[in-house]
Peer 1: 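Here you go, one structure.
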Amino acid sequence: MDQILIRGGGPLHGEIAIAGAKNACLALMPATLLTDAPLTLTNAPRLSDIRTMTTLLQSLGAEVSALHRGKVLALSSHDLTGTRADYDIVRKMRASILVLGPLLARCGHAEVSLPGGCAIGARPVDLHLRAFEAMGAELDLRDGYVHARAPGGLKGAVIAFPQVSVGATENALMAATLARGTTEIRNAAREPEIVELARCLRAMGARIEGEGTGTITIEGVDSLGGATHAVVPDRIELGTYMLAPAITGGEVTCLGGRLDLVRAFADKLEEAGVTCEETPAGIRVSRRNGAVKAVDVRTEPFPGFPTDLQAQMMALLCTASGESRLEETIFENRFMHAPELIRMGARIEVHGGTATVCGVERLKGAPVMATDLRASVSLILAALAAEGETLVSRVYHLDRGYEKVEQKLGACGVHIERVSGQ
Ligand SMILES: CC(=O)N[C@H]1[C@@H](OP(=O)(O)OP(=O)(O)OC[C@H]2O[C@@H](n3ccc(=O)[nH]c3=O)[C@H](O)[C@@H]2O)O[C@H](CO)[C@@H](O)[C@@H]1O
Ligand SMILES: C=C(OP(=O)(O)O)C(=O)O
């Protein structure tokens, strides 16, 4: 199994190109199931999660070709052969549940394995299922699978989510495009991934209004056509690399980055004493003198501070001057990076959903283990500033969401390499 070795030390200088967004692409790819016309996605990231979604769609009979070294995905669901998403694929990636809405809308039935819990929390899919029921689907949970049927087709409905869910909003949005009548999604997620999906669906002929607000209205149409859509830059990869010079000092420009994608996060960086400027090329981040200041962070749905940047922010605050509080409100078990950061000399106490971080002068390199995707990259960030060598194991988590980490950070002056471990 691969490991990543980092020799921390000096400041970072250079440019890092931000890839297309994993989470946007994972929602856009299943949209192919809604149409028999071709869907082309450009600026796709090259990640194991994208390959997993490719395998899942292919298992349903869709054609998915990765062109231009994987940066362009050509998808066609002209000849769908199945409606069953198998446990063997779904268990690898929760976003697999996003095929349920499109399959149900297009084929009138689908069988999708329940994704189950994962390291960061239980993550049920009840909100997805309630949305389909509101649209007239009949659901049956059997043998670990959701068996969904809508013999007369889905009907437009008012779907009022009791809590904000990105995935449930995406699933309901896709299903509603082919439902009979009008659907109103209330308390909808407002994440950029939702806006992207709505734009792509609109380009395919869907009638959607209100994406990016709490209420999305969809007027169902009889069929959708094809489209070509460029995937938005990955705001979580962007935030992660913005933290690199914040932690080590120096100056890095994140090419293609946009402040509107990371406003709440960039505000916290500024509050901590890190400069973030938008330039025509991207976002330039610099920290020249002194330690960063402690700040308090509370994760929230967009436009709040993203849970997917909480672990990385914690890595920064480990060496801030003073005491910071991080409150995780989205997932019940998303502090697994804390014990590993403590192995590197951090002072962190976790009580329920709150972590208190007391900044130390210097972290020390250590062997550490990645427990999930964002935890893995938080350890890499911590290692950039640590004294000595850090060896991060279980980096398959990292490969789900970050392409070419070694090259991107290596080009900014860090000693980082992938090594084969046991
Ligand atoms: C592939 C993808 O885009 N993943 C992102 C997506 O995950 P995902 O779409 O799974 O996250 P949700 O927004 O649905 O989850 C938010 C909260 O709602 C709960 N919930 C969700 C659905 C449901 O049916 N019932 C329920 O209780 C979840 O357990 C969680 O506590 O949004 C999360 C929140 O920004 C991000 O951390 C993930 O990176
Ligand atoms: C939690 C994440 O992904 P997923 O929802 O696929 O687990 C993430 O991208 O940080």
Side-chain angles (χ1 to χ4, degrees), residues 19-30 45 47-53 56 89-101 112 114-134 139 141 146 159 161-174 185 187-197 231-232 234-240 261-262 264-265 299-313 328-334 336-337 353 370-378 396-402:
K22 164 182 88 83
N23 288 346
C25 200
L26 288 175
L28 290 162
M29 291 173 75
L47 301 168
S48 62
D49 268 15
I50 301 301
R51 290 189 288 277
T52 304
M53 183 58 86
L56 174 57
I89 306 177
V90 176
R91 71 184 169 81
K92 291 191 189 142
M93 191 184 67
R94 299 185 48 83
S96 306
I97 193 76
L98 294 177
V99 301
L100 181 51
V112 177
L114 277 167
C118 77
I120 62 176
R123 305 183 74 181
V125 291
D126 54 319
L127 300 177
H128 301 239
L129 304 187
R130 269 199 255 165
F132 300 136
E133 275 175 338
L139 304 179
L141 301 185
V146 183
I159 299 167
F161 285 122
Q163 106 186 58
V164 175
S165 162
V166 175
T169 302
E170 291 165 344
N171 234 338
L173 175 58
M174 286 192 275
I185 305 178
N187 201 19
R190 292 180 280 163
E191 269 67 4
E193 293 77 21
I194 307 286
V195 174
E196 279 294 289
L197 178 61
V231 179
V232 65
D234 193 316
R235 63 194 171 100
I236 307 301
E237 191 197 27
L238 170 62
T240 302
L261 295 172
V262 286
F265 165 75
T299 63
E300 280 167 353
F302 194 85
F305 189 102
T307 173
D308 292 350
L309 284 171
Q310 176 262 109
Q312 302 90 311
M313 189 71 180
E328 172 57 56
T329 73
I330 310 291
F331 293 110
E332 65 272 22
N333 190 29
R334 210 173 194 184
M336 282 164 307
H337 38 284
T371 48
D372 64 76
L373 166 56
R374 307 303 168 185
S376 64
V377 85
S378 80
Y396 52 84
H397 290 295
L398 183 77
D399 297 331
R400 283 189 50 214
Y402 293 90

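Since we're looking at a predicted model, the values are computed, not measured. Note that ligands are numbered from 1 as they come in the structure, with each ligand's atoms numbered from 1 the same way. No hydrogens, no waters, no symmetry mates; every other heavy atom, side chains included, goes into these values.
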Peer 1: Give the atom numbers and elements of ligand 1 that come within less than 4.0 Å of a heavy atom of Gly167.
Peer 2: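 So the answer, numbered in order with elements, is 9 (O), 14 (O).
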Peer 1: Side chain, backbone, both or neither: which part of Arg123 comes within less than 4.0 Å of ligand 2 when only heavy atoms are counted?
Peer 2: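 The part of Arg123 near ligand 2 is the side chain, not the backbone.
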Peer 1: Is there a donor-acceptor pair closer than 3.5 Å between any side-chain N or O of Asn333 and the backbone N or O of Ile120?
Peer 2: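 It does not hold such a pair.
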Peer 1: Considering the heavy atoms of Arg374, write down every atom of ligand 2 situated less than 4.0 Å from one of them.
Peer 2: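 Reading through ligand 2 atom by atom, the close ones are 8 (C), 9 (O), 10 (O).
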Peer 1: Which of the numbered atoms in ligand 1 are below 4.0 angstrom from a heavy atom of Arg334?
Peer 2: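 Those of ligand 1 that fall under 4.0 Å from Arg334 are 37 (O).
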Peer 1: Measure the distance from atom 8 (P) of ligand 1 to every protein heavy atom, then report the residue, atom name and distance (to 0.1 Å) of the closest one.
Peer 2: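 Ranked first by proximity to atom 8 (P) of ligand 1 is Arg123 NH2, 3.7 Å.
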Peer 1: What's the spacing between Leu28 CG and Glu170 CD if we round to 0.5 Å?
Peer 2: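 If we round to the nearest 0.5 Å, Leu28:CG and Glu170:CD are 8.5 Å apart.
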Peer 1: For atom 28 (C) of ligand 1, find the nearest protein heavy atom and state the residue, atom name and distance (0.1 Å precision).
Peer 2: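 Sorting protein heavy atoms by distance from atom 28 (C) of ligand 1 puts Phe331 CE2, 4.1 Å first.
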Peer 1: Extract all donor-acceptor atom pairs below 3.5 Å that involve side chains of residues 301-309 and protein atoms in other chains or at least two apart in sequence.
Peer 2:
{"from": "Thr307", "atom 1": "OG1", "to": "Glu328", "atom 2": "OE1", "distance (Å)": "3.0"}
{"from": "Thr307", "atom 1": "OG1", "to": "Glu328", "atom 2": "OE2", "distance (Å)": "3.1"}
{"from": "Thr307", "atom 1": "OG1", "to": "Arg334", "atom 2": "NH1", "distance (Å)": "2.8"}
{"from": "Asp308", "atom 1": "OD1", "to": "Arg334", "atom 2": "NH1", "distance (Å)": "2.7"}
{"from": "Asp308", "atom 1": "OD1", "to": "Arg334", "atom 2": "NH2", "distance (Å)": "3.2"}

Peer 1: Do Thr240 and Tyr402 meet the criterion of a side-chain donor-acceptor pair at a distance under 3.5 Å?
Peer 2: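 Thr240 vs Tyr402: donor-acceptor pair found between side chains.
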Peer 1: Number the atoms of ligand 2 from 1 as they appear, then name those within less than 4.0 Å of a heavy atom of Asn23, with their elements.
Peer 2: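 Counting atoms of ligand 2 from 1, those under 4.0 Å from Asn23 are 9 (O).
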Peer 1: Where is the nearest protein heavy atom to atom 1 (C) of ligand 1: which residue, which atom, and how far?
Peer 2: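 Residue, atom and distance for the closest contact: Asn23 OD1, 3.2 Å.
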Peer 1: Using heavy atoms and a threshold below 4.0 Å, how should the contact between Glu193 and ligand 1 be classified: side chain, backbone, both, or neither?
Peer 2: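 Glu193 to ligand 1: no contact under 4.0 Å from either part.
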Peer 1: Applying a 4.0 Å heavy-atom criterion (strictly less than), which segment of Asp126 is in contact with ligand 1: side chain, backbone, both, or neither?
Peer 2: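 The answer is both, backbone and side chain.
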Peer 1: Select one of side chain, backbone, both or neither to describe which atoms of Glu237 lie under 4.0 Å from any atom of ligand 2, heavy atoms only.
Peer 2: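 Glu237 to ligand 2: no contact under 4.0 Å from either part.
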Peer 1: Do Ser96 and Pro115 come within less than 4.5 Å of each other through their side chains, counting heavy atoms only?
Peer 2: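 No, every pair of side-chain atoms sits at 4.5 Å or beyond.
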Peer 1: Any side-chain donor-acceptor pair under 3.5 Å between His337 and Gln312?
Peer 2: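 No, because no side-chain N or O of His337 sits under 3.5 Å from a partner of the opposite role on Gln312.
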Peer 1: With a 4.0 Å cut-off on heavy atoms, is Arg94 touching ligand 1?
Peer 2: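 No heavy atom of Arg94 comes that close to ligand 1.
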Peer 1: Using a 4.0 Å heavy-atom cut-off, which part of Leu26 comes near ligand 2: side chain, backbone, both, or neither?
Peer 2: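 It is neither part, as no heavy atom is under 4.0 Å.
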Peer 1: Which residue supplies the protein heavy atom nearest to atom 14 (O) of ligand 1, what is that atom called, and how far is it?
Peer 2: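 Closest protein heavy atom to atom 14 (O) of ligand 1: Ser165 OG, 2.6 Å.
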Peer 1: Which bit of Met93 is near ligand 2, meaning a heavy atom under 4.0 Å away: side chain, backbone, both or neither?
Peer 2: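 It is neither; nothing of Met93 touches ligand 2.
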Peer 1: Please report which non-hydrogen protein atom sits nearest to atom 31 (O) of ligand 1, along with the residue it belongs to and the distance in Å to one decimal place.
Peer 2: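 Of the protein heavy atoms, Ile330 O, 2.6 Å lies nearest.
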Peer 1: At under 4.0 Å between heavy atoms, is it the side chain or the backbone of Asp308 that contacts ligand 1, or both, or neither?
Peer 2: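 The part of Asp308 near ligand 1 is the side chain, not the backbone.
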Peer 1: Distance-only, no hydrogens or angles: does the Glu332 side chain make a donor-acceptor pair with backbone N or O of Ala122 under 3.5 Å?
Peer 2: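 Checking the backbone N and O of Ala122 against the side chain of Glu332, a donor-acceptor pair under 3.5 Å is found.
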Peer 1: Please compare Cys118, Pro124, Gly121, Ala122 and report which has the shortest non-hydrogen distance to atom 27 (O) of ligand 1.
Peer 2: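 It is Pro124 whose heavy atom sits nearest to atom 27 (O) of ligand 1.
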Peer 1: Please indicate whether any nitrogen or oxygen in Arg334 is less than 3.5 Å from any nitrogen or oxygen in ligand 2.
Peer 2: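 Checking ligand 2 against Arg334, an N or O pair does fall under 3.5 Å apart.
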